[in-house]
Amino acid sequence: MTALRIGNASGFYGDRFDAMCEMLTGGELDVLTGDYLAELTMLILGRDRLKDPAAGYARTFLRQLEECLGLAHERGVRIVTNAGGLNPAGLADAVGRLADRLGIPVRVAHVAGDDLTAAHPGSLAAHAYLGGFGITECLRAGADIVVTGRVTDAALVTGPAAAHFGWSATEYDRLAGAVAAGHVLECGAQATGGNYAFFRDGDARRPGFPLAELHEDGSCVITKHPGTGGFVDVGTVTAQLLYETAGARYAGPDVTARLDSVRLSQDGPDRVRIEGVRGEAPPPTLKVGLNRLGGFRNEVVFVLTGLDIEAKAALVRDQMEPALGKVADVRWELARTDRSDAPTEETASALLRLVVRDPDQGAVGRALSGAAVELALASYPGFHVLAPPGKGSPYGVFEDVYVPHGSVDHVAVLHDGRRMPVPPAHDTAVLEAVPEPPLPEPPEPRRTRRAPLGLVAGARSGDKGGNANVGVWARTDDAWRWLAHELTADRFRELIPESRELTVVRHALPNLRALNFVVEGILGAGVAAQHRFDPQAKALGEWLRSRHLEIPEALL
């Protein structure tokens, strides 16, 4: 059986608008996927739905489809997307109306059952992460477009793969291979040189979007359309495999993929083969993402310029204290971005950031902004702020809970209106940690030089609720022997001071020459709570790469 060519045209709600057209015209394709959902997106869509019950889906997808539906129909490309968000039925209806208006005969189906909001009082949106077999049923029944709500990102690939190859729900190795492909594709250009530690290895100015040539045995080749920008190599694929994962077992509703079994090899220019992926029965529960409003937040950034930075910061903190006495949560952060004898005013300045949170909007609104503005002529020399504080804005809190498979009514709503129940996983296995794998022999002692870790290792980081993960990998066997023994969890804490009081768990993945660190609680209540300077930990890996340690000169 020929390979199934599955492409991606969106990694988040707001991704490059013309990617759908680019993917449909750039080369051969069987299925085009689009991932529009993230933890923060579900909160945004939930707030949209509060204003308009008919909203709750990614409207960008409709606008893209208006330009590209004819192209997809002419080329026989099926489209699978989670752009349905909180309202997949509403988006499916809107797509049907669009097709009728354009005179294009397409069959539109959708997947339902993920919405558990009614069962979780107080949540703005509570949605189970469904697997891919609802998508499979829709495609097997002849759908040209399948719209879902909250499914796992990889389900956008496992669903079409199972439909095309006729896989059963217990063909775990094949499904795990599709999960690996789906995980690489889900973030779009991150697989083709975008956000890549070694971006200077190729032309990363306008990366193309990735596609997978998926085979019946679950193996695949990750590539991109000819002539598009960016590049695909073992490093770009490794980086994306590590993104927002944890240990060797990568659990999902259809299968648990063993990331420690993945084998990568360069298969030609812009072609990386993924093979050997093993799968196991999924865990007995489904993850449910809960989003709720946590209260209101406000912030003001004071600019401190020139001499006496610490004293200036202390003065303004003392002056603001009376206005902050009753606020539930007050955080001050001084970023010493200033330099001595600086050639510009900006580089002579430090930033003092005040963030406040409270259930009462009034407590963080005008009371705060008034107190800050009133200091304009009565505080430290050179007083000014980056922007005046506003009235306070709502912030969200994300958490995950778990429910049994059978408590979710997973349903494929076919293009002809029939509703096909999707049975829960036939077999399950409680998720357990994998024993620590054997590491290579440590290198012989050699002369070292103090240098940035990033000279010998790449990294990619991201968020999962309140936790962050940092995947770190070496590009050579010699560098891996050093990295595996040098970058322990304790050394990570030394290099990242924010993590010193937190739990840091290290997972080794020797096949990928990689270490994956999970830093528990560093993001507070999740991205929507804006707990830290980099609320999604996107740059945490790059900070780690910039830290200096003793590195063998032979590796530099």
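Side chains are part of it too, since the values below use all heavy atoms of this structure and drop only hydrogens, waters and symmetry mates.
Taking both residues in full, the closest heavy atoms of Gly230 and Asp270 are given as O-OD1, 4.4 Å, listed atom of the first, atom of the second, then distance. Taking all atoms of both residues into account, the shortest heavy-atom contact from Ala99 to Val106 is CB-CG2, 3.5 Å. Residues Pro88 and Thr148 share a closest heavy-atom pair of CB-C, 3.8 Å. Annotation for Ala212 and Ile222: closest pair CB-CD1, 3.9 Å, computed over non-hydrogen atoms. Residue Ala181 comes nearest to Val157 through the heavy atom pair CB-CG1, 4.4 Å, listed as atom of the first residue, atom of the second, then distance. The two residues Ala161 and Leu214 come nearest to each other via the heavy atoms CB-CD2, 3.4 Å.
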(Q) I'd like to know whether Ile6 forms a side chain to side chain contact (heavy atoms under 4.5 Å, CB included) with Leu211, so could you lay out the CA-CA distance, the side-chain angles of the two residues, the decisive distance to 0.1 Å, and finally the verdict. (A) CA-CA 5 Å; Ile6 303 180; Leu211 63 93; over 6 Å; no
Q) Please walk me through it: do Ile145 and Arg78 pass side chain to side chain contact (heavy atoms under 4.5 Å, CB included)? A) CA-CA 6 Å; Ile145 298 175; Arg78 296 166 122 178; over 6 Å; no
Q: Kindly indicate, with the supporting measurements, whether the criterion salt bridge (charged side-chain N to carboxylate O under 4.0 Å, His left out) is fulfilled by Arg174 and Glu216.
A: CA-CA 7 Å; Arg174 290 176 168 87; Glu216 196 275 338; 3.3 Å; yes
Q: For the pair Thr245 and Asn516, evaluate side chain to side chain donor-acceptor pair (under 3.5 Å) and give the outcome as yes or no after the intermediate values.
A: CA-CA 8 Å; Thr245 59; Asn516 210 353; 2.9 Å; yes
Q | Trace of the side chain to side chain contact (heavy atoms under 4.5 Å, CB included) decision for Leu156 with Asn82 | A | CA-CA 8 Å; Leu156 301 178; Asn82 62 15; 4.1 Å; yes
Q.
Would Phe61 and Glu66 count as a side chain to side chain contact (heavy atoms under 4.5 Å, CB included) here? Give the steps.
A. CA-CA 9 Å; Phe61 173 75; Glu66 186 161 10; over 6 Å; no
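Residue pairs meeting the ring pair (Phe, Tyr, Trp, His ring centres under 6.0 Å) criterion with at least one partner in residues 228-261, sequence neighbours excluded, are His183-Tyr250, Tyr196-Phe231.
Salt bridge absent: Lys464 and Glu39 never bring a charged side-chain N and a carboxylate O closer than 4.0 Å. Look at Glu28 and Arg5 and you find no salt bridge, because none of the NZ, NE, NH1 or NH2 atoms lies under 4.0 Å from a carboxylate O. Classification of Glu542 and Arg460 as a salt-bridged pair fails, no side-chain N sitting under 4.0 Å from a carboxylate O. Classification of Arg206 and Asp18 as a salt-bridged pair holds, one side-chain N sitting under 4.0 Å from a carboxylate O. Between Asp114 and Arg150 no salt bridge is recorded (no basic side-chain N to carboxylate O distance below 4.0 Å).
Note that CD1 of Ile274 is 11.0 Å distant from CG of Asp267, once rounded to the nearest 0.5 Å. The CG atom of Asp35 sits 8.5 Å away from the OG1 atom of Thr41 when rounded to the nearest 0.5 Å. Atoms CZ and OG, from Arg292 and Ser123 in turn, are 9.5 Å apart once rounded to the nearest 0.5 Å. The structure places CG of Leu523 at 8.0 Å from CG of Asp534, a figure rounded to the nearest 0.5 Å. Taken to the nearest 0.5 Å, the OG1 atom of Thr228 stands 8.0 Å off from the CE atom of Met23. Atom CG in Leu259 sits 7.5 Å away from atom CG in Leu512 (nearest 0.5 Å).
Side-chain atoms of His405 come within 3.5 Å of backbone atoms of Pro283 as a donor-acceptor pair (strictly under, hydrogens ignored). Judged by distance alone, the side chain of Arg140 and the main-chain N or O of Ala162 form a donor-acceptor pair under 3.5 Å. Counting only distance, with no hydrogens or angles, the side chain of Arg107 and the backbone of Gly142 share a donor-acceptor pair below 3.5 Å. Side-chain atoms of Asp463 do not come within 3.5 Å of backbone N or O of Gly465 as any donor-acceptor pair. At distances below 3.5 Å, not a single donor-acceptor pair connects side-chain atoms of Ser10 with backbone N or O atoms of Gly34. Side chain of Thr117 to main chain of Ala126: a donor-acceptor pair is present (N/O by atom type, distance under 3.5 Å, no hydrogens or angles). Although no hydrogens or angles enter the test, the distance criterion places a donor-acceptor pair under 3.5 Å between the side chain of Tyr395 and the main chain of Gly294. The backbone N or O of Ala155 sits less than 3.5 Å from a side-chain atom of Thr152, completing a donor-acceptor pair. For Thr158 (side chain) and Leu175 (main-chain N/O), no donor-acceptor pair under 3.5 Å exists by modelled atom type. Within the 3.5 Å criterion, the main-chain N or O of Gly193 finds no donor-acceptor partner in the side chain of Thr236.
Counting only N and O atoms by type, the side chains of Asn469 and Ser461 include no donor and acceptor under 3.5 Å apart. No side-chain donor from either of Arg271 and Gln266 sits under 3.5 Å from a side-chain acceptor of the other. There is no side-chain donor-acceptor pair under 3.5 Å between Asn467 and Glu520.
For Lys287 and Tyr129, the positive end sits near the middle of the six-membered ring, less than 6.0 Å away and at most 45° from its axis.
The side-chain heavy atoms of Val77 and Leu71, taken from C-beta on, include no pair separated by under 4.5 Å. Proximity of Arg16 to Glu22: side-chain heavy atoms (C-beta onward) are separated by under 4.5 Å at one or more points. Side-chain contact between Leu86 and Tyr57 is absent, with no heavy-atom pair separated by less than 4.5 Å. Residues Tyr172 and Asp427 have side chains in contact (heavy-atom distance under 4.5 Å, counting atoms from C-beta outward).
Legend: residues meeting ring pair (Phe, Tyr, Trp, His ring centres under 6.0 Å) with Phe517, ordered by chain and number and at least two apart, are Phe492.
Within a 6.0 Å radius of CG in Asp409, no more than 12 heavy atoms belonging to other residues, nucleotides or ligands are found. Heavy atoms of other residues, nucleotides or ligands lying less than 6.0 angstrom from CZ of Phe533 number 12 at most.
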Using atom types as modelled, flag every donor-acceptor pair under 3.5 Å from a side chain in residues 45-54 to any protein atom, sequence neighbours excluded.
unit_1	atom_1	unit_2	atom_2	d
Asp52	OD1	Ala54	N	3.0

